[in-house]
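Remember, it's a predicted structure, so these values are computed and weren't measured experimentally.
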Amino acid sequence: MKDKTAATDILQNNFLKVHEYVYHLKTATKVRAWVFQIVRNEIINYFHQQSLHVEQVKEN
């Protein structure tokens, strides 16, 4: 990511989510894939929040 502050925030959110939901993980061998999925989702959430929403303009 180009924005280091955003990357740090995403990393922090990932650590929090891993810590919060680690007890829901059923198979310890799938930890790596599970963490990557959390990272992927956090990055997607970040870009969704940053995207611009364009409203339709009514023409008379």
Side-chain angles (χ1 to χ4, degrees):
M1 297 191 63
K2 293 180 183 180
D3 185 6
K4 289 186 180 190
T5 304
T8 303
D9 289 342
I10 290 170
L11 181 64
Q12 252 181 349
N13 287 340
N14 286 311
F15 278 119
L16 289 173
K17 285 190 178 185
V18 167
H19 180 71
E20 184 177 353
Y21 295 107
V22 71
Y23 301 105
H24 295 280
L25 187 63
K26 295 177 184 174
T27 308
T29 58
K30 296 182 180 184
V31 158
R32 186 174 182 180
W34 179 69
V35 170
F36 278 119
Q37 186 66 36
I38 293 172
V39 171
R40 180 181 169 271
N41 289 340
E42 281 296 312
I43 292 170
I44 290 170
N45 288 342
Y46 170 77
F47 282 111
H48 279 289
Q49 290 172 355
Q50 297 301 316
S51 67
L52 297 175
H53 297 283
V54 179
E55 294 182 26
Q56 265 186 330
V57 178
K58 291 183 179 180
E59 292 185 36
N60 291 332

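- At a threshold of 4.5 Å between side-chain heavy atoms, the hydrophobic network of Ile, Leu, Val, Met, Phe, Trp and Tyr places V22 and V35 in one connected group.
- Counting heavy atoms of neighbouring residues, nucleotides and ligands inside a 6.0 Å radius, atom NE2 of H19 does not exceed 12 of them.
- Interatomic distance, CH2 of W34 versus OG1 of T29, reported as 13.5 Å (0.5 Å rounding).
- The cluster map of Ile, Leu, Val, Met, Phe, Trp and Tyr, joined by side-chain heavy atoms under 4.5 Å apart, puts Y21 and Y23 in the same cluster.
- Remark: of the listed residues I38, V39, V31, N13, I38 is the sole one forming a side chain to side chain contact (heavy atoms under 4.5 Å, CB included) with V18.
- In summary, of the residues considered (N41, D9, I10), a side chain to side chain contact (heavy atoms under 4.5 Å, CB included) with Y46 occurs for I10 alone.
- Remark: K4 NZ to T8 OG1 distance equals 9.0 Å, nearest 0.5 Å.
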